[in-house]
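Residue numbers start from 1 in every chain, and the chains themselves are labelled A, B, ... in the order their sequence lines are given, proteins ahead of strands. No experiment lies behind these values; they were computed from the predicted model shown.
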2 protein chains.
Amino acid sequence: MTMRDVARAAGVSPKTVSNVMNGYPYIREETRTKVLAAIDALDYRMNISARNLKSGRTGVIALAVPELSNPYFAELADATIEAAGEHGLTVMIETTGADRERELSALARPRGHLVDGLLYSPLGLGPEDVDELKTSTPMVLLGERIFHGPVDHVMIDNVDGTKAVIRHLLDQGRRRIAVIGVRPGEQVGTAAIRYGAYTSTLAEYGVPVVAELAVPGGAWRRSSGADAVQELLERGVEFDAVFALNDLLALGAMRTLIGRGMRVPEDVAVAGFDNIDESAFSSPALTTVDAGRIQIARTAVDLLVRRLSGDDGPPAEIVAPYELHLRESTRN
Amino acid sequence: MTMRDVARAAGVSPKTVSNVMNGYPYIREETRTKVLAAIDALDYRMNISARNLKSGRTGVIALAVPELSNPYFAELADATIEAAGEHGLTVMIETTGADRERELSALARPRGHLVDGLLYSPLGLGPEDVDELKTSTPMVLLGERIFHGPVDHVMIDNVDGTKAVIRHLLDQGRRRIAVIGVRPGEQVGTAAIRYGAYTSTLAEYGVPVVAELAVPGGAWRRSSGADAVQELLERGVEFDAVFALNDLLALGAMRTLIGRGMRVPEDVAVAGFDNIDESAFSSPALTTVDAGRIQIARTAVDLLVRRLSGDDGPPAEIVAPYELHLRESTRN
DNA sequence: TTGTATGCGTTATCAT
DNA sequence: ATGATAACGCATACAA
């Protein structure tokens, strides 16, 4: 079942069938109708591999994320699939496990020319890898580890988002705000940015930054959040609020607090970042910053589509607007 | 950058390069080394489209699920990607939104011959669609809407899993067990099976099945679970336990109960089904049935791989083992 | 053990 | 507005 078969059935040449399928404008209405009827009758689908071989286009873009078990990335993936679908593109999801090697390999001639472009959300790469980004495949970067790179970049408004939530905690009278999930060694990346915004907001209010209130946490999972709070309690550190660098950490933190008989928010307020679906339904519901994933997905796909259609202007850097969601976990 | 270039660089013919890349055994070690060196030096990747055009294989399989925002499917996707990776296969995720039309279209010549096989988890299809499954693309069905179809089938042990959790609730002395997420009209599918196992377990214990304890819920989301319990409370129905047909419903249900000042499990025990990551970290932690998604993914990929390598034996029907996780939400 | 010739299904180019 | 022809990069069959 090839284009030739369709052409034969419609009484035209293969090229005409191709033209119809690709929306070539100069076709007589009568011819188009005939061809479409034949396509329908034979239930014909074009062979994408053959087209790709000739034209270089597959209609597939890849989304490289650490893992789908993290709801933030799963929800981002859903949003991306939807946004891509509106442009007739299919999304191929690649999970890298936040592993540097696997992230780099996702960059190398993605999937043997099988994808037209790449939406790329690296956790293990940094500014030192900026050269690796000069791929031939169009790419849009999601995240904040590599600034002013050679490619388009869609970012979360980490600074203002964090400031908003920390101000909220301070306005509620909290003064000993623990922060969990920090990465002490790192100078770049989401952790460093959010932590920096945390300290500068405390400074604004004249609240001292206390080292023992910052708890490292490598993987931003529920279990790390639970462990972090456990550690604070065991060390006897006093705190009246927890700012978790993402929602999963916050949910894990609340789990430990409640398990230890503490009240949220009365004894300790908890806030997170991401606004994953889960956060609206936890008990108590979690105060968090919505990073704007719907808009991020949409913007990233739009940028990529523009590149795919040949735009080679200078790299764009776009910051998605954040939104603070105040819920029970911080309300006095 | 084609195979010819590599061949030229290595001083051999393209065919030899092809042989090396495909693991053809009868190659002199010296030749193989030369070729591999050239591949490495030129950073060559094979063009998958070209291979597909000739051989029919792409090394890509598709996983069709309703949506990734549901953590069960996201976690299943992660497990599938991992299992497929061990066979050198890439996974392309297709979300159908549980929409019948989109599910059917995922079936039709998937992605223009771009995928070798399909792992298919339909929610909107039923036995009446069994003919649609007779595709030319190898396929493995995940779920329980279509039994004894023409294709391999990996199933959750819904009956025994449900029985185990209901017995547990009964053993704890619960006698008015609400069940939420039922689908009254449906004769097939997960909802009907789990609800059937619920009623038969009650019967075993001589506990009457009360109609008003069964609350319908179309989409199995947190919000539906919250609404279902809301409805029970508003109707003044008495109940000492909630069996939610999946974890998301259960988490939503707990949210409403706790929000209304009820204690879980003291006043009402809550149990779910799926054992998504979230359930171990809710407050209280959720008792649930692990449907065995890791094993389901592994088994499904194995079955598909066997089909891809030409096995055309009769369709297999495999039931993954369940595991009951007892947590705080049901412990007296 | 390696090389040569051919064709997979589509699109680009050019012609009509 | 439509058609003829060649070529994309690889694998297959067959030859050497």
Is any side-chain N of the basic residue among A:Glu103 and A:Arg100 closer than 4.0 Å to the acidic one's carboxylate O? no
Identify whether the distance between the nearest side-chain nitrogen and carboxylate oxygen of A:Arg298 and A:Glu86 falls below 4.0 Å. yes
Separation of [X] atom [atom1] from [N] atom [atom2], in whole Å?
| X | N | atom1 | atom2 | result |
| --- | --- | --- | --- | --- |
| B:Arg57 | D:dT12 | CZ | C1' | 13 Å |
| A:Asn22 | C:dT11 | CG | C1' | 8 Å |
| B:Met3 | D:dG9 | CE | P | 12 Å |
| A:Tyr24 | D:dT2 | OH | P | 10 Å |
| B:Asn52 | D:dC8 | CG | P | 19 Å |
| A:Arg4 | D:dT5 | CZ | P | 11 Å |

Distance test, side-chain N/O of [X] to OP1/OP2 of [N], below 4.0 Å:
| X | N | answer |
| --- | --- | --- |
| B:Ser18 | D:dC10 | no |
| B:Ser13 | C:dG3 | yes |
| A:Asn19 | C:dT11 | no |
| B:Ser55 | C:dC8 | no |
| A:Arg28 | D:dT2 | yes |
| A:Tyr44 | C:dT10 | yes |
| B:Thr16 | C:dG3 | yes |

Identify which nucleotide among [options] has an atom closest to any side-chain atom of [X], counting heavy atoms from C-beta outward.
| X | options | answer |
| --- | --- | --- |
| A:Thr31 | D:dG9, D:dA1, C:dT10 | D:dA1 |
| B:Lys15 | D:dT12, C:dA12, D:dC10 | D:dT12 |
| A:Leu53 | D:dA1, D:dG9, D:dA11 | D:dG9 |

Can you tell if the side chain of A:Ser121 reaches within under 4.5 Å of the side chain of A:Thr96, non-hydrogen atoms only? no
Map A:Thr2 and B:Val12 onto DNA chain C by nearest heavy atom, then report which one ends up closer to the 5' terminus. B:Val12
Here the gap from B:Asp99 atom CG to B:Leu104 atom CG, rounded to the nearest 0.5 Å, amounts to 9.0 Å
Upstream residue (5' side of DNA chain D) when A:Tyr26 and B:Arg51 are each assigned their closest nucleotide: A:Tyr26
Could you pick out which residue, A:Pro14 or A:Pro25, lies toward the 5' side of DNA chain D when each is mapped onto its nearest nucleotide? A:Pro25
Base of C:dA12, side chain of A:Lys54 - is there a donor-acceptor contact under 3.5 Å? no
If you count every heavy atom of other residues, nucleotides or ligands that lies below 6.0 Å from B:Glu82 atom CD, does the total exceed 12? no
Is it the case that atom CZ in A:Arg221 sees more than 12 heavy atoms from other parts of the structure closer than 6.0 Å? no
Base, sugar-phosphate, or nothing: which does B:Ile27 touch, judged by heavy atoms less than 4.0 Å apart? sugar-phosphate
